[in-house]
J.: 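One structure coming up, written as structure tokens, with questions to follow.
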Amino acid sequence: MPDYIYLLENRLSADQQSALRHLREVALEVGTILFLTGDAVRDLTSGHAVSDLEVAMHGNALKLKKTIEKSGGKVWAKTKPAAPFIYVFPARFALT
């Protein structure tokens, strides 16, 4: 685990770290668990630049929507009910 935390602290940009902090706080507030998934995990572990962050959550993502919007995030795209949300945080970093 310390190696993974080192990668998060040293390989993500300040905007990416800020978006993850916002999301972590929101998840704690609504009582859910989030998982970093997708390309970010691959890029972190292979040494490539991380271009986007994707998270999966335990539970209903709609529970996060209002809380994320209160913390400064905005829904940027949502194509259909079962589709992922894309949130843009104050630093203009998008998170899906």
Side-chain angles (χ1 to χ4, degrees):
M1 186 65 127
D3 291 338
Y4 185 67
I5 295 199
Y6 174 84
L7 291 173
L8 290 172
E9 291 173 347
N10 292 286
R11 306 255 321 135
L12 296 180
S13 71
D15 289 342
Q16 290 169 327
Q17 289 180 22
S18 176
L20 282 180
R21 272 193 300 277
H22 274 92
L23 206 54
R24 182 184 65 210
E25 291 166 6
V26 168
L28 287 171
E29 188 175 324
V30 299
T32 191
I33 300 169
L34 297 175
F35 305 91
L36 186 62
T37 61
D39 297 347
V41 174
R42 180 202 61 214
D43 293 342
L44 281 169
T45 56
S46 66
H48 292 90
V50 177
S51 59
D52 66 335
L53 298 174
E54 298 170 4
V55 295
M57 71 171 281
H58 186 270
N60 184 351
L62 292 174
K63 289 170 62 177
L64 294 177
K65 184 177 182 245
K66 287 182 184 176
T67 312
I68 285 176
E69 290 174 332
K70 280 191 238 176
S71 73
K74 295 182 183 175
V75 175
W76 182 56
K78 184 178 184 304
T79 56
K80 51 188 167 182
F85 287 104
I86 298 175
Y87 292 104
V88 178
F89 285 85
R92 296 179 185 232
F93 183 77
L95 185 100
T96 59

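Heavy-atom basis, side chains included; hydrogens, waters and symmetry copies ignored.
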J.: Quick one, D52 with E54, criterion side chain to side chain contact (heavy atoms under 4.5 Å, CB included). Give me CA distance, side-chain angles, the key distance, then yes/no.
T.: CA-CA 7 Å; D52 66 335; E54 298 170 4; 3.4 Å; yes
J.: Mind checking the CG-CG spacing from D43 to L53? Nearest 0.5 Å is all I need.
T.: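 So the gap between those two atoms works out to 10.0 Å.
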J.: Hey, what do you get for CG (L23) to CG (L28), rounding to the nearest 0.5 Å?
T.: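 Taking CG in L23 and CG in L28, the distance rounds to 10.0 Å.
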J.: Is T32 reaching over with its side chain to a backbone N or O of A27, donor-acceptor style, under 3.5 angstrom?
T.: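 Answer holds: no.
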J.: Output yes when a side-chain donor or acceptor of R11 lies under 3.5 Å from a complementary backbone atom of Y6, and no otherwise.
T.: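 A pair under 3.5 Å: no.
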J.: For a quick test of reading the model, state the closest non-hydrogen atom pair linking L20 to V55 and the distance between them.
T.: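 Nearest heavy atoms, L20 then V55: CD2-CG1, 4.4 Å.
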J.: Out of curiosity, D15 CG to Q17 CD, how far, rounded to the nearest 0.5 Å?
T.: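 Between atom CG of D15 and atom CD of Q17 there are 9.5 Å.
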J.: Only one of V41, L12, L36 forms a side chain to side chain contact (heavy atoms under 4.5 Å, CB included) with V50, so which one is it?
T.: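 The side chain to side chain contact (heavy atoms under 4.5 Å, CB included) with V50 is passed solely by L12 among V41, L12, L36.
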